[in-house]
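These notes are about the structure you will find just below.
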Amino acid sequence: MKEIRAFEDKLQQLFSDGLVRGSTHLANGQEAVAVGAAAALAPQDVVFCTYRGHHHCLARGMPPEAAFAEILGRLGGCCGGKGGSMHLTDPSLGLLGSYAIVGAHIPIAVGSAWASRVNGDDAVTCCFFGDGTTTIGSFHEALNLAAVWRLPIIFICENNQYSEYTPIAEVVPVVNPAADRASAYGLKSVLVDGNDIEAVRSAVTDARGTAAEGNGPSLIEAVTYRQSGHSRADPGTYKPAAEVAYWNTRDPIKLFETSLDLPTGELEAMNRGVEATIAAALEVALASPEPGPEALLTSVWGDAPT
Amino acid sequence: MKEIRAFEDKLQQLFSDGLVRGSTHLANGQEAVAVGAAAALAPQDVVFCTYRGHHHCLARGMPPEAAFAEILGRLGGCCGGKGGSMHLTDPSLGLLGSYAIVGAHIPIAVGSAWASRVNGDDAVTCCFFGDGTTTIGSFHEALNLAAVWRLPIIFICENNQYSEYTPIAEVVPVVNPAADRASAYGLKSVLVDGNDIEAVRSAVTDARGTAAEGNGPSLIEAVTYRQSGHSRADPGTYKPAAEVAYWNTRDPIKLFETSLDLPTGELEAMNRGVEATIAAALEVALASPEPGPEALLTSVWGDAPT
Amino acid sequence: MITMNYRKAIAEAIARAMRRDPRVVFLGEDVGKPGGAFKTTVGLRDEFGPNRVWDTPISEQAIIGAAIGAAMRGLRPIAEIMFADFLGTCWDGIANHAAKLRYMSNGQVSVPIVIRTHGGAGLGFAAQHSQLFDNLAMSIPGLKVVVPSNPADLIGLFQAAVDDPDPVLFIEHKALFDVKGEVDEDPFSVPLGSAATVRQGEDLTLVATGAMVPVCVQAAERLSEQKVSAEVIDLRCLTPLDMSTILTSIAKTSRIVIVQEGPATCGWGSEVAARTADVGFNSLDAPVRRVTSPPTPTPFAANLEKLWVPTVERVVAEAMSFW
Amino acid sequence: MITMNYRKAIAEAIARAMRRDPRVVFLGEDVGKPGGAFKTTVGLRDEFGPNRVWDTPISEQAIIGAAIGAAMRGLRPIAEIMFADFLGTCWDGIANHAAKLRYMSNGQVSVPIVIRTHGGAGLGFAAQHSQLFDNLAMSIPGLKVVVPSNPADLIGLFQAAVDDPDPVLFIEHKALFDVKGEVDEDPFSVPLGSAATVRQGEDLTLVATGAMVPVCVQAAERLSEQKVSAEVIDLRCLTPLDMSTILTSIAKTSRIVIVQEGPATCGWGSEVAARTADVGFNSLDAPVRRVTSPPTPTPFAANLEKLWVPTVERVVAEAMSFW
Ligand SMILES: Cc1ncc(C[n+]2csc(CCOP(=O)(O)OP(=O)(O)O)c2C)c(N)n1
Ligand SMILES: Cc1ncc(C[n+]2csc(CCOP(=O)(O)OP(=O)(O)O)c2C)c(N)n1
Ligand SMILES: [Mg+2]
Ligand SMILES: [Mg+2]
């Protein structure tokens, strides 16, 4: 979690320094969802995430230098610099992509689970998405299909309370945008504290068991909070101060540290280690060259020389 | 109801005679939904329906000759022959279109209700769709938006048990594809016997009241049965005989006649009257000429001479 | 050689692909037990069973998504979208995901899917059930587009499409369902991107796809009565586009008429015209002409729809206008 | 005259339309209270209130549907789709419904909506946030398409779009947000379908839209250093397409280079090329050339994206190749 936090903080700084182009969406405050879920998954499992997906990729084992380099548009990035912040991908880690069209990846994740069903393999697919995503059509189609076909998939709604600049309560007619809709797909309603890493791990472990035993999909709503703005350029001034303050007391890293009850020295050493790792990763990324101009035309087609 | 049944039966015959091109979807067995709902609506209300919409149009007052002529591609049709069976439309009757892409009209109907809300007028919008339509994304988006904005609209799911050739139970993970999903939109679950014209009228009357009082949308599932095949060319052989027999005993027209308990003579006279009306309407339609060739290019643009 | 119609060739093409490669699975609305809304997939579920032929809910976005995701995991899905017009409901999955994932991931991800659909006018299905969507597909880099005009090509191109590493949109034409043709009993494949010169000629090149191919062949016969010798090219694929067959032809004929079903604007015919006017400019003795549908949706009435689809008469008239 | 940038012109255009006609309402994601994801709609909700400016859930199909339905009931809705790329998620509503309802109903139904969106590459938004979708829109009869290149045109064309009885897709270019220009303080409108000749020339015609207009103007300046006089035409609208301005120009120059952002195939440039090669054929002294993006999705890396978007250098080189 700390590594993720340090990574995202560094990114925000790189942005202020004018080094990050386009859009970047940080997951500060949501680390427990990514790390808790990753802890519950098996190596053969498959993960789909969104433009707000750095935390999922890092939690799943993507080297921070590959993530940094990608976000900086360098050859050493996980996609050779062609994808960018919103499209981190590494199939060798079961990371089958980060998608930038809201909801579009949910049916694709269902397809991955369908493949497991057809092949009879034991991979479980895990698909992350936001609270705002529950209002788009592809969410509904995907949930319905996964439920009817009883596919081995875990849907995890990261309810960080906001859909861009809009509080989620203003755009859905139910209190819990995912959990209150589970019954529409014949599923059990599962609501967990997304800032409690253990609670997340336990819920995802259960869901993984359900999927692996052939009992179909689960829909988990992990309630958490987006500490930053929506994207790199958004200071998030529309967020009520009291709300921000409340959620700061519930910071997942602080909560976890408290629960661990480590000696201060050990904690500080850990923090220094993390900072050093991230700083070193950034060095590596910054040293990576831009992709060569020939990269413009490669990887469009599978049957053309790349 | 009888007029609708006679109309559809005549159409089936016209099809066998090779007079109807393209696709035609009959509503035999579903008449009580259309007539019950129409009885509950006010003249200023607005209706949206689908390619299976002849019954709704006739119930709302479309002259059968205009419907026949449209389905035969004649100038006297409600759309001058340019729309056809799947696109019967007559705004003067509040019939704002029949749509042939599953689910696509539901957001459009929501827009109509939104206009009423913006204008503060007292028209209520009524939108019909099938059970199979509950699995498409636009259904979900439309219901969510209507619920969040508390729009004056009545969604009526005509559950005729089939989505083309597929029993609905095979493609949704809940028993009642609409009613079991009402709670996902913060709505009350309303299930009615769609073959009981009084039950339909009463449910739609309630829903209309809710809408008119500013209390937002209702979602009604009317359980009924598609006595015919999916479209004109489908004999429906996949339907179990026992199922067909059961639903024949629940034919909405028979049920209504029984409830009326009219003297046989009166009933027969009524039937003869209906047959004569429909036969005369067909004569009128058949006498209508084809549209002139200039019609090909008109009504594409609003600012071009038409 | 066996004779079969285009409708039967569809089921045959799918069956051959499924027999040859166990990774091929097939999904869509009513494609399995019911055998397809147009009876184009009859028998497949019986032969291959429910683990390879899947009936779906009405959920085009989920159908396309499922195909993409399964392809990323090693399957070779064939997804049916019942009418090409419905591609609008799932265009994001096709254009923004299937077509772009390889590039965005720098080649790490492959999406070998075939999206089959049928399109086209002429049978009275009206404005929302008569489009081809071929040009929209053609404009998306990363997506291949196939438009077969006869049973043998359909089967051969389908095999190539299933074997292809990229997403392929395979657009059948519903007005051809009853057209018969000879088909090799042995497996064969027709490479994507190779046009067929279906009739040789000297004076004029007619370029067409799908249901316009027989229209052009008939037009060529009529033209020969007027001593005009027309070459007819069936593109068969829109992406890859075989411009070299066209350029070779106009080097000989110096004149071209592009015959396209559907409105002219930004159609495949515009692209062929634009490339001809660029790299083929020096071969041309006359303006690049197109015969297309008018710039309107498809009308329902029989007499209007007949005016909407390009006819033999219009092709002949346009060709004769050169002289 | 006042000076404002393109971003500000967007809010100004919407505000003017809303002031002038009480039937105009505006809906979209984060357009109201937040003032737009790109701060293009700041202040509108404050001025017009929640009954005219509506924030929606993430539901593009519902946004488009709501606009259509409300238009059928007499309102004049403006719907925002945040990025043009997202049009794929609601294409059915636009292409099969908004564009066709008038025709299918034989003129009984009117759908006067404006769908505003922004598109285009150059800012590092990668493959799923950099498209224009202009050509797909242009290919649909019944849909008008506007692509403004500067603040004044944006405001004038927007007024015309809102007043228009048909659905209009209004595609702003995100790379122009900070471009400044002079704007008349009084209400004005620029008729749809009228191209602007932004620079006169004798030897060569450059045709462009949106962010390619300033590129062509710069290229023309460079060309003049080499004694080549280039005329630059800003189409401003793709539908209706003002071919007569182009034809008049090539009657004078005999040469054309079409400069289009986005892959060539079936782009608006193909259509312009095709029509030029048909009705303008006899004016032409040289092949019809296009300068476009390569046939790939938009890459993320800064150096690659720079190669992807047509540049002044490429336009100059293509123009000089005539001599
Ligand atoms: C189809 C589509 N519509 C709109 C957007 C713009 N957009 C990007 S993120 C976002 C908010 C998503 O909210 P949520 O699902 O809660 O995810 P979060 O960003 O909070 O992780 C929106 C509207 C998009 N990318 N795709
Ligand atoms: C988007 C879309 N997908 C598929 C179809 C083909 N189709 C037409 S009717 C139909 C079944 C609809 O079932 P239901 O909603 O139950 O309505 P019913 O026909 O029973 O009235 C299908 C799949 C379509 N018209 N549009
Ligand atoms: Mg959120
Ligand atoms: Mg049904």
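Lettering of chains follows the sequences in order, A, B, ..., and the numbering in each one begins at 1.
Using modelled atom types and a 3.5 Å distance limit, the side chains of D:Asp30 and A:Thr166 yield a donor-acceptor pair.
Between D:Leu304 and A:Gly292 the shortest heavy-atom distance is CD2-O, 3.6 Å. Annotation for D:Phe125 and A:Ser23: closest pair CE2-CB, 3.7 Å, computed over non-hydrogen atoms. Shown here for D:Thr296 and A:Val300, the closest heavy-atom pair between the two residues is CG2-CG2, 3.6 Å. Contact detail for D:Ala302 and A:Arg21: the closest heavy-atom pair is CA-NH1, 3.3 Å. Of all heavy-atom pairs spanning D:Ile58 and A:Gly132, the tightest one is CD1-O, 3.6 Å.
Distance check: A:Tyr51 OH to D:Gln128 CD gives 12.0 Å after rounding to the nearest 0.5 Å. Considering CZ of D:Phe300 and OG of A:Ser85, their distance stands at 7.0 Å, rounded to 0.5 Å. To the nearest 0.5 Å, atoms OG1 (A:Thr135) and CD (D:Gln61) are separated by 11.0 Å. Taking CD of D:Glu305 as the reference point, atom CG of A:Leu296 lies at 10.5 Å (rounded to 0.5 Å). The OG1 atom of D:Thr298 sits 12.0 Å away from atom NZ of A:Lys82, with the distance rounded to the nearest 0.5 Å.
D:Thr89 touches chain A through its side chain: at least one heavy atom from C-beta onward sits under 4.5 Å away, while N, CA, C and O do not. If you measure heavy-atom distances from A:His230 to chain D, you find no contacts under 4.5 Å at all. Both the backbone and the side chain of D:Ala37 come within contact range of chain A, with heavy atoms under 4.5 Å apart. Interface residue D:Leu123: only backbone heavy atoms are found under 4.5 Å from chain A.
A distance-only check finds no donor-acceptor pair linking the side chain of D:Ser59 to the backbone of A:Ile136 [under 3.5 Å]. Under the 3.5 Å distance criterion, the side-chain polar atoms of D:Asn303 are matched with a main-chain donor or acceptor of A:Pro291.
Annotation: maximal heavy-atom pairing with chain A below 4.5 Å, among D:Ala62, D:Ala127, D:Pro299, D:Ala301, occurs at D:Ala301.
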